[in-house]
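What follows is a short report on a single structure.
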Amino acid sequence: MELGLVGLGKMGGNMRERIRRAGHTVIGYDRNPDLADVHSLEELVGRLKGPRVVWVMVPAGAATQSTVDALAELLEPGDVVVDGGNSRWTDDEKHAAELAAKGIGFVDAGVSGGVWGLQNGYALMVGGDAEHIAKVQPVFDALKPEGDAGFVHAGKVGAGHFSKMVHNGIEYAMMQAYAEGWELLQAVDSVTDVREVFRSWQEGTVIRSWLLDLAVNALDEDEHLDKLRGFAQDSGEGRWTVEAAIDNAVPLPAITASLFARFASRQDDSPQMKMIAALRNQFGGHAVEAAK
């Protein structure tokens with residue numbers, strides 16, 4: 001089949017290549033002309049035969065909104081737009097309504113796989129009407145890993161991105177657990193080869209995972225992570241996961257703590273720790289360190 005793909009960055013570019021390897025035609029547009037097959041959205045739409053499928057792979061928020069707005073004016077009834085970025089599920093409902101008013105279908109696709117997706121395939125969580133998803137299914141089949149797993153029609157519009165959001169919240173907590181374990185192992189004198197301890201966990205343990213494999217890769221490149229600053233950004237999905245938990249009265253202590261740990265990583269001199277030190281000094285006479 002033919003696919004228009006908007007956004008050819010690290011994820012989008014590899015997705016274009018994987019879909020092409022499966023025998024499909026992909027016409028890509030990106031603001032960077034060195035990456036693009038066409039020079040505008042108008043040219044992309046004009047190159048596709050109807051009914052068209054256009055996959056949007058741009059940053060969530062304003063960039064996605066402006067792209068959907070433009071496609072709403074360019075596409076025709078019976079066409080389908082797929083949002084494969086990390087949009088908030090509530091935006092999906094708005095985009096679906098906007099496009100439905102013009103007879104255009106909408107599918108939201110949570111995509112996991114990162115820079116390894118070209119080689120290993122992408123896990124896909126999609127939301128929308130079955131008739132719209134069916135039009136995109138050959139592309140989903142091309143992107144997913146081999147075998148039965150890796151693709152799910154999670155529910156109605158918004159379900160794909162909501163599922164991916166929860167996936168990323170779980171990812172936050174898993175990474176935090178590995179990070180805390182690594183720091184504790186590093187802190188004791190009795191463990192002399194932390195990297196090999198992590199490597200020993202890769203087989204036969206209940207905590208083996210792809211994230212653990214990636215942690216071992218990182219330690220092979222920089223055994224004590226001396227080249228890195230202890231600073232971690234968040235994509236926004238961890239925040240949305242915690243907000244959704246509050247809205248639905250679902251306790252998420254591990255995911256919430258892992259998000260707050262990322263916030264703490266951005267503070268070279270944590271105000272919270274200043275207060276804790278002051279209180280410990282007040283009630284217990286514990287030593288404090290003067291600010292430099």
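For this chain, numbers begin at 1 and follow the sequence in order.
Residue Trp89 comes nearest to Met165 through the heavy atom pair CZ3-SD, 3.5 Å, listed as atom of the first residue, atom of the second, then distance. Scanning all heavy atoms of the two residues, the minimum distance from Arg52 to Leu48 falls at NE-O, 3.4 Å. Between Pro145 and Gly150, the closest heavy-atom pair is CD-CA, 4.1 Å. The two residues Gly127 and His153 make their nearest non-hydrogen contact at CA-CD2, 4.5 Å. Closest approach of Val157 to Ala96, counting heavy atoms only: CG1-CB, 3.8 Å. Across all their heavy atoms, Leu143 and Ile19 have their closest contact at CD2-CG1, 3.6 Å.
Between the OG atom in Ser112 and the CG atom in Leu124 there is a gap of 9.0 Å [rounded to 0.5 Å]. Separation of atoms CG (Leu252) and CD1 (Ile170) is listed at 9.0 Å; rounding is to 0.5 Å. Rounding to the nearest 0.5 angstrom, the gap separating the CG atom in Asp30 from the CG atom in Leu8 is 4.5 Å. If you take CD on Glu183 and CG on Leu225, they are separated by 11.0 Å, rounding to the nearest 0.5 Å. Taking CG of Asn14 as the reference point, atom CZ of Arg18 lies at 10.5 Å (rounded to 0.5 Å). Distance check: Ile104 CD1 to Glu73 CD gives 8.5 Å after rounding to the nearest 0.5 Å.
Between Trp240 and Phe162 there is no side-chain heavy-atom pair separated by less than 4.5 Å. Side-chain contact check for Thr64 versus His95: some heavy-atom pair is nearer than 4.5 Å. Side-chain contact between Val53 and Asp79: absent, with no pair of heavy atoms (C-beta onward) separated by less than 4.5 Å. With a 4.5 Å cut-off on side-chain heavy atoms, Val82 and Val56 do not count as touching. Between Val80 and Phe106 the shortest side-chain heavy-atom distance does not fall below 4.5 Å. The side-chain heavy atoms of Phe151 and Met125, taken from C-beta on, include no pair separated by under 4.5 Å. At least one side-chain heavy atom of Phe140 sits under 4.5 Å from a side-chain heavy atom of Val107. Using a 4.5 Å cut-off on side-chain heavy atoms (C-beta onward), Arg21 and Leu118 make contact.
Looking at Lys227, its side chain never comes within 3.5 Å of a backbone N or O of Asp222 through a donor-acceptor pair. Asp129 places no side-chain N or O within donor-acceptor distance of the main-chain N or O of His132, the cut-off being under 3.5 Å. Side chain of Thr256 to backbone of Pro253: no donor-acceptor contact under 3.5 angstrom is found.
By the 4.0 Å N-to-carboxylate-O rule, Glu76 lies too far from Lys102 to be salt-bridged with it. The residues Lys135 and Glu131 are annotated as not salt-bridged, no charged nitrogen and carboxylate oxygen being separated by less than 4.0 angstrom. With salt bridges taken as basic N to acidic carboxylate O contacts below 4.0 Å, one links Asp220 and Arg199. No salt bridge links Asp108 with Lys164; every basic N to acidic carboxylate O contact stays at or beyond 4.0 Å.
A ring pair (Phe, Tyr, Trp, His ring centres under 6.0 Å) check over residues 3-31, counting only residues at least two apart or in different chains, returns nothing. A salt bridge (charged side-chain N to carboxylate O under 4.0 Å, His left out) check over residues 89-98, counting only residues at least two apart or in different chains, returns nothing.
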*Determine, stepwise, if the pair Trp55 / Val111 fulfils side-chain contact (heavy atoms from CB on, under 4.5 Å).*
CA-CA 12 Å; Trp55 188 304; Val111 182; 3.9 Å; yes
*asked:* Assess the residue pair Leu219 and Val216 against the criterion (side-chain contact (heavy atoms from CB on, under 4.5 Å)); give the C-alpha distance rounded to whole Å, side-chain angles, the decisive distance to 0.1 Å, and a yes or no.
replied: CA-CA 5 Å; Leu219 295 174; Val216 172; 5.6 Å; no
*Where do Arg47 and Glu2 land on the salt bridge (charged side-chain N to carboxylate O under 4.0 Å, His left out) test, with the steps shown first?*
CA-CA 10 Å; Arg47 291 267 298 272; Glu2 290 185 340; over 6 Å; no
*Run the side-chain contact (heavy atoms from CB on, under 4.5 Å) check on Arg239 and Phe263 step by step: do they pass?*
CA-CA 11 Å; Arg239 303 182 191 210; Phe263 295 162; 3.6 Å; yes
*Going through the checks in order, is the side-chain contact (heavy atoms from CB on, under 4.5 Å) test met by Ser258 and Met175?*
CA-CA 8 Å; Ser258 67; Met175 287 194 289; over 6 Å; no
*Apply salt bridge (charged side-chain N to carboxylate O under 4.0 Å, His left out) to Asp37 and Arg16, showing your working.*
CA-CA 11 Å; Asp37 303 313; Arg16 173 175 61 176; 3.1 Å; yes
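Connection of Ile207 to Leu185 is established within a shared hydrophobic cluster, with ILVMFWY side chains joined at heavy-atom distances below 4.5 Å, either directly or through further cluster members. No single ILVMFWY cluster, assembled from side-chain heavy atoms under 4.5 Å apart, contains both Val166 and Val152. In this structure, Ile27 is not a member of the same hydrophobic cluster as Met57, with clusters built from ILVMFWY side-chain heavy atoms closer than 4.5 Å. Cluster membership for Leu5 and Leu99, using ILVMFWY side-chain heavy atoms within less than 4.5 angstrom, is not shared. Cluster membership for Ile133 and Leu3, using ILVMFWY side-chain heavy atoms within less than 4.5 angstrom, is shared.
With a 6.0 Å radius and a threshold of 12 heavy atoms from other residues, nucleotides or ligands, Asp148 has its CG atom at or below the threshold. With a 6.0 Å radius and a threshold of 12 heavy atoms from other residues, nucleotides or ligands, Arg20 has its CZ atom above the threshold. Within a 6.0 Å radius of CD in Gln186, more than 12 heavy atoms belonging to other residues, nucleotides or ligands are found.
Cation-pi geometry between Arg262 and Tyr172 is met: the NZ or CZ atom falls under 6.0 Å from the ring centre, inside 45° of the normal.
Side chain to side chain, Gln65 and Asp69 meet the donor-acceptor criterion of an N or O pair below 3.5 Å.
The side-chain hydrogen bond (donor to acceptor under 3.5 Å, both in side chains) test with Arg88 singles out one residue from Glu237, Glu243, His161, and that residue is Glu243.
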